[in-house]
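Comments concern the structure below.
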4 protein chains.
Amino acid sequence: MAAEALINKSGLEAVSIHRVAKQAKVATGTIYLYFKDKDELMAELHERNLRLFAEAFLADVNTAQSLQECHSRLWLNALHYHQENVNVQRLWVHLETLPKNARHKALIQELFKPVKLFFSRGVEQGCFKPLPGEMLYALAFGQILEICRFSQLREANFTKQDMDAALLASWDAITIHP
Amino acid sequence: MAAEALINKSGLEAVSIHRVAKQAKVATGTIYLYFKDKDELMAELHERNLRLFAEAFLADVNTAQSLQECHSRLWLNALHYHQENVNVQRLWVHLETLPKNARHKALIQELFKPVKLFFSRGVEQGCFKPLPGEMLYALAFGQILEICRFSQLREANFTKQDMDAALLASWDAITIHP
Amino acid sequence: MAAEALINKSGLEAVSIHRVAKQAKVATGTIYLYFKDKDELMAELHERNLRLFAEAFLADVNTAQSLQECHSRLWLNALHYHQENVNVQRLWVHLETLPKNARHKALIQELFKPVKLFFSRGVEQGCFKPLPGEMLYALAFGQILEICRFSQLREANFTKQDMDAALLASWDAITIHP
Amino acid sequence: MAAEALINKSGLEAVSIHRVAKQAKVATGTIYLYFKDKDELMAELHERNLRLFAEAFLADVNTAQSLQECHSRLWLNALHYHQENVNVQRLWVHLETLPKNARHKALIQELFKPVKLFFSRGVEQGCFKPLPGEMLYALAFGQILEICRFSQLREANFTKQDMDAALLASWDAITIHP
DNA sequence: TATGAATGAGAGTTCATTCAT
DNA sequence: GATGAATGAACTCTCATTCAT
């Protein structure tokens, strides 16, 4: 989508219908044949981003793998995605304030169902803490955005070892300890 | 500050100089007596927010307390702050893309120095994982924003027990395990 | 052009984008479809004025005419133009302070080439003083603006004879005397 | 006057009451104790400029000198003044469109009386063309602004000889030829 | 007299949206 | 379906002017 190129090039503020049309090499009015208004365009952009993230997040993850292997892949996938798509964060934060329609929530449910299953599997096996899936998600992956922010703002330069330790810490956070 | 009320009322987009002036019950031009331009207004708003957050975050925390007690208070302070100041997140993400000036970074360093000390104390005592302060920060508190997001979007209703477990998980994430 | 009408009606200060749009009976934004910004609008206005002046100045002047006939027509043309376009002077003075781009200077060179040729012809024939074209221009036509100013401000009412004498004086100024 | 410094520093557009007050190291309101409004301030600025110009114009000119000596001094005085006070031209053009009050006209009459006398003396002696003083003024000095404009815009570099010739041409313009 | 904070109209400019072609 | 000129409200910012102190 053309709007995406714009965001990555010049930031969220640069997204105007005019510029999106120019980038997509169509006329201004044409945009309105495909989207009711700018909000809808942004919502679909968000949906697209969610799909892309889900795809990247779940890449090479399957039920045949051990819990820890799954966790490790998910965590690293999320890390790499956010490291490479810095502007997406801003878009998310921006769009998440819009009134969520049911369709949207259903999509999220569907996209992240495998993650939910992964967590419930872990809980059933007595490996993960007995908590709701959303909470385990937050505990397991919530640090990633923060880590990326520190890296991006050059307030910290984390080493490979630091990252490995973070991955392990994420595992420590969700698993049961003696 | 009037701009704050607006953000909490109608979101970041609603912050126009006109509206800020109206909210503050002054004329448009008056704003420009106190701020060079909108960027400065937003930057000072950010600074103010940082201070307020730091204050709330560090409330009732002192070096006489045990590491775990400190951690517990910090975590709960952060949680409550974010639960009560939902829109602040969006402001932060917005403002963090602006070019950070040195003054800004210095402020952050200063405000969060006690947190840094807390982490280095824990590392020295062999209790926390030997990682940079920023990483421990991300591991200990990074889930909080995510937890709040889930709560706010009503995608999950966490119980008191869930929250306690999350606090413990945060502790698990940063401490060394046998 | 609508901006022109405004200048003639209410002076240079009255030229605001809003008013120009109103005069032209279009919306404000429409102006910006045709001009990048106000500077460009003013620059094109200036260019237009230069062309109109050059056209009026050179009307009915050709190389078949004697030097004195040429001079006489040029002088009267300039006089009539300035008498009928009083506000143009102000616009010129205003615009001449803007940084002149190369395109602008080239236009002036081109528009007034015939005048330059006229002066160099006169110099070659030993009739005009051997001076640069610009100087001869100033000597031959520089009084006209001043004459118009006096007339306009009603500080003097010149007769037809006065004007004829001024034309002759202009000729005296540039020609060689025994 | 403080406004003058501003004009010479940053041009006519930079003259705002705020800046004038700052330059003069008084409060904004203080300006309004001495001037009814901005128009009056500008009018007095104009008056001041007229006085300064008249003074410079008439420097070292007296009735004991020959007509040609007088003319020569006046012409050179005017030239030097305009060469050194480029911004004044713009101010004049700007202010001359304001409605001239009687006081203003009287001042001009008074300031330039010696020039008028000079011209009438020349006419009486049969040396100058029998024309109104204003016309002779235009013929004798009207080229100067044009010469300065060419010089300033670097469209021409006049030599000392060119200038001398221009002075002579001015004399030729106003005197009677056999 | 002198101050300077406050005013609010109006400047230039952008942009989501419409509609005749 | 597709166009893109036109719209006009809303934006940021400036400035002559006022008035309580």
Side-chain angles (χ1 to χ4, degrees), chain A residues 3 6 10 12-43, chain B residues 2-3 6 10 12-22 24-43, chain C residues 2-3 6 10 12-22 24-43, chain D residues 3 6 10 12-43:
Chain A
L6 270 178
S10 328
L12 190 56
E13 282 68 33
V15 178
S16 81
I17 295 290
H18 230 91
R19 276 195 274 263
V20 170
K22 206 159 134 196
Q23 177 88 20
K25 284 177 183 156
V26 297
T28 326
T30 309
I31 303 284
Y32 286 86
L33 296 176
Y34 298 98
F35 304 98
K36 192 171 109 325
D37 55 18
K38 201 191 181 188
D39 280 354
E40 193 177 296
L41 183 149
M42 296 306 267
Chain B
L6 269 179
S10 330
L12 190 56
E13 281 66 36
V15 180
S16 84
I17 296 289
H18 249 92
R19 272 197 278 264
V20 171
K22 204 160 145 193
K25 284 176 182 156
V26 296
T28 328
T30 308
I31 303 289
Y32 288 88
L33 295 176
Y34 299 98
F35 305 98
K36 196 171 81 30
D37 54 19
K38 201 189 178 186
D39 280 356
E40 194 177 293
L41 168 67
M42 296 307 267
Chain C
L6 269 179
S10 328
L12 190 56
E13 282 66 36
V15 179
S16 84
I17 295 290
H18 260 91
R19 273 197 277 264
V20 170
K22 205 161 145 193
K25 284 177 182 153
V26 297
T28 330
T30 308
I31 303 289
Y32 287 88
L33 295 176
Y34 300 98
F35 306 97
K36 195 170 83 31
D37 55 18
K38 201 190 179 187
D39 280 355
E40 194 177 292
L41 167 68
M42 296 307 268
Chain D
L6 271 178
S10 326
L12 190 56
E13 282 68 34
V15 179
S16 81
I17 295 290
H18 229 91
R19 276 196 274 262
V20 170
K22 205 159 136 196
Q23 177 88 20
K25 284 176 183 155
V26 296
T28 325
T30 309
I31 303 285
Y32 286 87
L33 296 176
Y34 298 97
F35 304 98
K36 193 171 108 325
D37 56 18
K38 201 191 180 189
D39 280 355
E40 193 176 297
L41 184 148
M42 295 306 268

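Quantities reported herein were computed from a predicted structural model and do not represent experimental measurements. Labels below follow one simple rule: chain letters A, B, ... track the order of the sequence lines, proteins then strands, and each chain is numbered from 1.
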(message) Side chains of Thr28(C) and Lys22(C), heavy atoms from C-beta outward: is any pair under 4.5 Å?
(response) no
(message) It should be established whether Ser16(B) places a side-chain nitrogen or oxygen under 4.0 Å from OP1 or OP2 of nucleotide dA10(F).
(response) no
(message) From C-beta outward on Thr30(C), which listed nucleotide comes closest to its side chain: dG10(E), dT3(E), dT7(F)?
(response) dT7(F)
(message) Just so I know, are the side chains of Glu40(C) and Asp37(C) near enough to count as touching, which here means a heavy-atom distance under 4.5 Å?
(response) yes
(message) Counting C-beta onward and ignoring hydrogens, is there a side-chain heavy-atom pair between Ile31(B) and Lys38(B) closer than 4.5 Å?
(response) no
(message) Closest-nucleotide mapping onto DNA chain F: is Lys36(B) or Gly29(D) further toward the 5' terminus? I mean the 5' end.
(response) Lys36(B)
(message) Quick check for you: among dG1(F), dT13(E), dA6(F), whose closest atom lies nearest to any side-chain atom of Asp37(C)?
(response) dT13(E)
(message) Rounded to whole Å, please give me the gap between CG in Leu33(C) and P in dT7(F).
(response) 9 Å
(request) In whole angstrom, give the distance that lies between atom CD of Glu13(A) and atom C1' of dA16(E). (result) 16 Å
(message) Between C1' on dA5(E) and CZ on Phe35(B), what's the gap in Å once rounded to a whole number?
(response) 15 Å
(message) Partner lookup for dT17(F), please. Criteria are Watson-Crick or G-U wobble with both distances under 3.5 angstrom; report none if nothing qualifies.
(response) dA6(E)
(message) How many whole angstroms separate atom NE2 of His18(C) from atom P of dA9(F)?
(response) 9 Å
(message) Please pick, from dT13(E), dG8(E), dT12(F), the nucleotide with the shortest atom-to-atom distance to any side-chain atom of Tyr32(B).
(response) dT12(F)
(message) At 4.0 Å (heavy atoms only), tell me whether Ile17(B) reaches a base, stays on the sugar-phosphate, or touches nothing.
(response) sugar-phosphate
(request) Consider the side chain of Thr28(C), meaning its heavy atoms from C-beta on, and name the nucleotide among dA9(F), dT12(F), dG1(F) that approaches it most closely. (result) dA9(F)
(request) Round to a whole Å and report the spacing from NZ of Lys38(C) to P of dA11(E). (result) 9 Å
(request) Check whether any side-chain heavy atom of Leu41(A) lies under 4.5 Å from a side-chain heavy atom of Lys36(A), and answer yes or no. (result) no
(request) Take atom CD1 of Ile31(B) and atom C1' of dG8(E), then tell me their distance rounded to the nearest Å. (result) 13 Å
(request) For dT1(E) versus dT21(F), give the span between their P atoms, rounded off to a whole number of Å. (result) 22 Å
(request) Would you mind reading off the distance between Leu41(B) atom CG and dC13(F) atom C1', rounded to a whole angstrom? (result) 13 Å
(message) Using side-chain heavy atoms (C-beta onward) and a distance below 4.5 Å, is Ile17(C) in contact with Phe35(C)?
(response) no
(request) Quickly work out the Tyr34(C) OH to dG4(F) P distance and round it to whole Å. (result) 13 Å
(request) Could you tell me whether the phosphate oxygens of dA10(F), OP1 or OP2, come under 4.0 Å of any side-chain nitrogen or oxygen in Arg19(B)? (result) no
(request) Could you say whether Ala27(B) or Val26(D) is positioned toward the 5' end of DNA chain E, judged by the nucleotide with the nearest heavy atom to each? (result) Val26(D)
